[in-house]
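Written out below as structure tokens is the structure these notes cover.
Side chains are part of it too, since the values below use all heavy atoms of this structure and drop only hydrogens, waters and symmetry mates.
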Amino acid sequence: MESQEPQVKNSPLMPLMYTNRVALKTILESGDGETGLVGTTVVVGGWVKSSKEVKKEPLPPPQSPPPAAADAFPAASHGTKDVTCVEILQSRIPFFRTIIRVLGGSASSPAVRQKLESLIPKPPPPSIFLLDINDGSCVSSLRVVIDSAIVPVSAGQILPTGTCILAQGVLGNPSALGKQTIELTVEKILHVGTVEQDKYPLSRKRLPLDSLRDYPHIRPRTTTVASVARIRNTLDFASHTFFQNRGFLHVQVPIMTTTDPEGFSEKFQVTTLLGETSKKESPIGVSDADGVSPETVKAAIQEKSSLVEQLKRSDSNREALAAAVQDLKKTNELAQQIETREKSKPVTAVKPDLVNFNADFFGRQIYLTVSGRLHLESYACALGHVYSFGPRFRADKTVSAKHVAEMWTVEAEMAFAQLEDAMKCAEDCFKFLCRWILDNCSEDMKFVSKRIDKTVAHRLEYMASSSYDRISYREAVEILSKVTDKAFETQLQWGVPLTDEHLSYLADDHYRRPVIIYDYPKAVKPFYVRLNDDGKTVAAFEMVVPKIGTVIIGSQNEERFDMLNARIKEFDLSKDQYEWYLDLRRHGTVKHSGLSLGFDLMVLLATGLTDVRDVIPFTRTHGKANN
């Protein structure tokens, strides 16, 4: 089927693929200047951000020509020029007046003449509708002008905020009614998607971000969330560009896995066993038992049984006895239905050691992955440099502005690489992303700098060009232990994980730029990280960034079979689940290292926002998953 949108010819603006609509970005951010587009006919579409109706001065009534047959049918109606309903109506007014003179006569009373005049249909007062529409392609909105005398608009139809409109018109210089540098005068409305204004969440201006979280399907229409989405898209593309340009292959790793790379993280378990339980349907008629407790039915059975016994002992009405017996029978059936209902209720808490996972879909316990690095290793040990990009899951109920249950992560693994190489890759990647967003998302960065954080662009520029300090975990502890002007909530000593508060002080207050901390105690890092020669620390690192905290973590992984096997036992992990991982050390082992970049945190940094829930399209948090 061919597109229903009109073909606009001789337009210097290229329409979007698969549609004749021109993206507003190509109009409002034209490299040749917007004034060079004046006179161009285009089709645009978007959602109304604001609307205003301006009443026009009514046109003076046309002079009545002499009554003649030709006047009854104006030439305009016979021509080929397209005319509006208003124009047709106005062209017929002289004809109606002629009829009134013929019917009323010169001697008719003024009252009769006035009544006849009132019967003449009057066109609606002309108006100009000023709409600011946005299609999500850029920050700015386009002023759209609709003249009701040219393009009919229903009476009282103001096209409120949230209305979707597709229109064809001519680009022109702005009128005195607006501040835009270019506007569209509509010639034809192709589509109007109405909105229930009283229910539309964005009818109120400047809805707080925390309120917008309740409407994740609508909030992309706000200027802020739309800018965040475009910045996120730019960083997504930049992440792939960085690794692709450096010889990495993109590998998709599984979301469901039998292993836990971290060794001590809260995991989401995937099972179909509870689903099988819920499929046990109750007998027909069990709905009669809804809301009835077993105790109530038992009491009713005792009462009805007593009644039946009394009727049997007496020679009373046999029909009454039969009715009582039938009633008791139904009550017993109801009791059985309730018992079945109680047995079929799903178990609210299932202990893994009491569940037969051999009957599950995969025949064993399966979890949503918290990291793809282990699976990525297997491809690195065959293809060299590989990376992956996808969602990772943690069943952590802690409320945090920096972490939610589902977060996207960029992970990379490099064969024949050590810790130093991974730290260099992390620094290069981070600087590349900072520079890319400044060079390729300028308009959105101007918006977030103005609306959210005035220092965000300067901060990205500084981090893209400055050098980063590298310190060991031991050095970090020594620096923090000498701090006298700040009291940390967590008592610091060697071997204890550095908290967000500690990391924030190092990056924001002490160094005031990104810092890389390496050689962590082995107890605070995953089992697969390579053990250092001191036997106490492992070859792991974290890149800590001002305002955000840890954005990238990485490590050199253990390539020695005996060491890895000992670490698996030390973490009390099931060796059977990691036999495939040990195989990589049995058959052609190699030194290798990698990293994980918190993509959502990178978006948070680039936008200047403070809560990760505002940069993820559909957030999954403890107790909340709207859609």
Measure the acute angle between the ring planes of Tyr387 and His250, then classify it against the limits of 30° and 60° as parallel, tilted or perpendicular.
-> parallel

Are Phe561 and Thr589 close enough, and set up right, to give a side-chain contact (heavy atoms from CB on, under 4.5 Å), and what steps lead you there?
-> CA-CA 8 Å; Phe561 178 88; Thr589 187; over 6 Å; no

Check: Tyr518 ring centroid to Phe541 ring centroid under 6.0 Å | no

Inspect the contact between Arg513 and Asp469 and indicate whether a charged nitrogen and a carboxylate oxygen are less than 4.0 angstrom apart.
-> yes

Asp444 and Ser227: side chain donor to acceptor below 3.5 Å = yes

What distance do Ser481 atom OG and Phe488 atom CZ have between them, rounded to the nearest 0.5 Å?
-> 9.5 Å

NZ of Lys402: more than 12 outside heavy atoms within 6.0 angstrom?
-> yes

Step by step, would you call Asn440 with Thr234 a side-chain hydrogen bond (donor to acceptor under 3.5 Å, both in side chains)?
-> CA-CA 7 Å; Asn440 296 277; Thr234 302; over 6 Å; no

Please step through salt bridge (charged side-chain N to carboxylate O under 4.0 Å, His left out) for the pair Arg613 and Asp611, ending with a clear verdict.
-> CA-CA 5 Å; Arg613 290 174 292 180; Asp611 198 308; 2.8 Å; yes

Evaluate the criterion side-chain hydrogen bond (donor to acceptor under 3.5 Å, both in side chains) for residue pair Ser239 and Asp236; output intermediate values, then yes/no.
-> CA-CA 5 Å; Ser239 299; Asp236 184 312; over 6 Å; no

Parallel under 30°, tilted from 30 to 60°, perpendicular over 60°: which one fits the rings of Phe242 and Phe432?
-> tilted

Is the number of heavy atoms from other residues, nucleotides or ligands within 6.0 Å of CZ (Arg560) greater than 12?
-> yes

Taking 4.0 angstrom as the limit, do Asp509 and Lys486 come out as a salt bridge?
-> no

To the nearest 0.5 angstrom, please state how far the CG atom of Asp453 sits from the CG atom of Leu460.
-> 9.5 Å

Check the surroundings of atom CG in Asp572: do more than 12 heavy atoms from other residues, nucleotides or ligands lie under 6.0 Å from it?
-> no

Does Asp485 CG have over 12 foreign heavy atoms under 6.0 Å away?
-> yes

Carboxylate-amine/guanidinium proximity below 4.0 Å for Arg567 and Glu558 | no

For the atom pair CG (Leu582) and CD1 (Ile568), what is the distance rounded to the nearest 0.5 Å?
-> 4.0 Å

Heavy-atom neighbours of Phe237 CZ exceed 12 at 6.0 Å = no

Say whether Thr257 and Thr259, considering side chains only, have a donor N or O and an acceptor N or O under 3.5 Å apart.
-> yes

Which class fits the ring pair Tyr520 and Tyr473: parallel under 30°, tilted 30 to 60°, perpendicular over 60°?
-> tilted

Got more than 12 heavy atoms from elsewhere within 6.0 Å of CD, Glu489?
-> no

Go through the steps for Asp576 and Ser574 under the test side-chain hydrogen bond (donor to acceptor under 3.5 Å, both in side chains), then give the verdict.
-> CA-CA 5 Å; Asp576 292 341; Ser574 172; 4.7 Å; no

Return yes when atom OH of Tyr505 has more than 12 non-hydrogen atoms of other residues, nucleotides or ligands closer than 6.0 Å, and no otherwise.
-> yes

Name of the residue among Glu413, Gln556, Glu377 meeting side-chain hydrogen bond (donor to acceptor under 3.5 Å, both in side chains) with His592 | Glu377

Before accepting this row, confirm whether a basic side-chain N of the pair Arg213/Asp614 lies closer than 4.0 Å to the acidic partner's carboxylate O.
-> yes

For the atom pair CG (Leu609) and CD1 (Ile231), what is the distance rounded to the nearest 0.5 Å?
-> 8.5 Å

Kindly compute the distance separating CG (Asp600) from CZ (Arg392), expressed to the nearest 0.5 Å.
-> 11.5 Å

Count the heavy atoms belonging to other residues, nucleotides or ligands that lie under 6.0 Å from NE2 of His458, then report whether that count exceeds 12.
-> no

Does NZ or CZ of Lys431 fall inside the cone over Tyr468's six-membered ring, less than 6.0 Å from its centre and within 45° of the axis?
-> yes

Is it true that Asp421 and Lys424 have a side-chain N and a carboxylate O under 4.0 angstrom from each other?
-> no

Any ion pair linking Lys25 and Glu443 (charged N to carboxylate O, less than 4.0 Å)?
-> no

Glu411/Ser371 under side-chain hydrogen bond (donor to acceptor under 3.5 Å, both in side chains): CA gap, chis, key distance, verdict = CA-CA 8 Å; Glu411 295 166 320; Ser371 172; 3.1 Å; yes

Can you find a pair of side-chain heavy atoms, one from Gln365 and one from Thr271, that are under 4.5 Å apart?
-> no

With rounding to the nearest 0.5 Å, note down the distance linking CD in Gln491 to OG1 in Thr499.
-> 11.5 Å

Are Glu478 and Arg474 close enough for a salt bridge, meaning some N to O gap below 4.0 Å?
-> no

Do the charged groups of Arg470 and Glu475 touch, with an N to O distance under 4.0 Å?
-> no

Within 45° of the ring axis of Tyr581 and under 6.0 Å from its six-membered ring centre, is that where the NZ or CZ of Arg585 lies?
-> yes

Using distance alone, with no hydrogens and no angle criterion, decide if Asn557 and Arg373 have a side-chain donor and acceptor under 3.5 Å apart.
-> yes

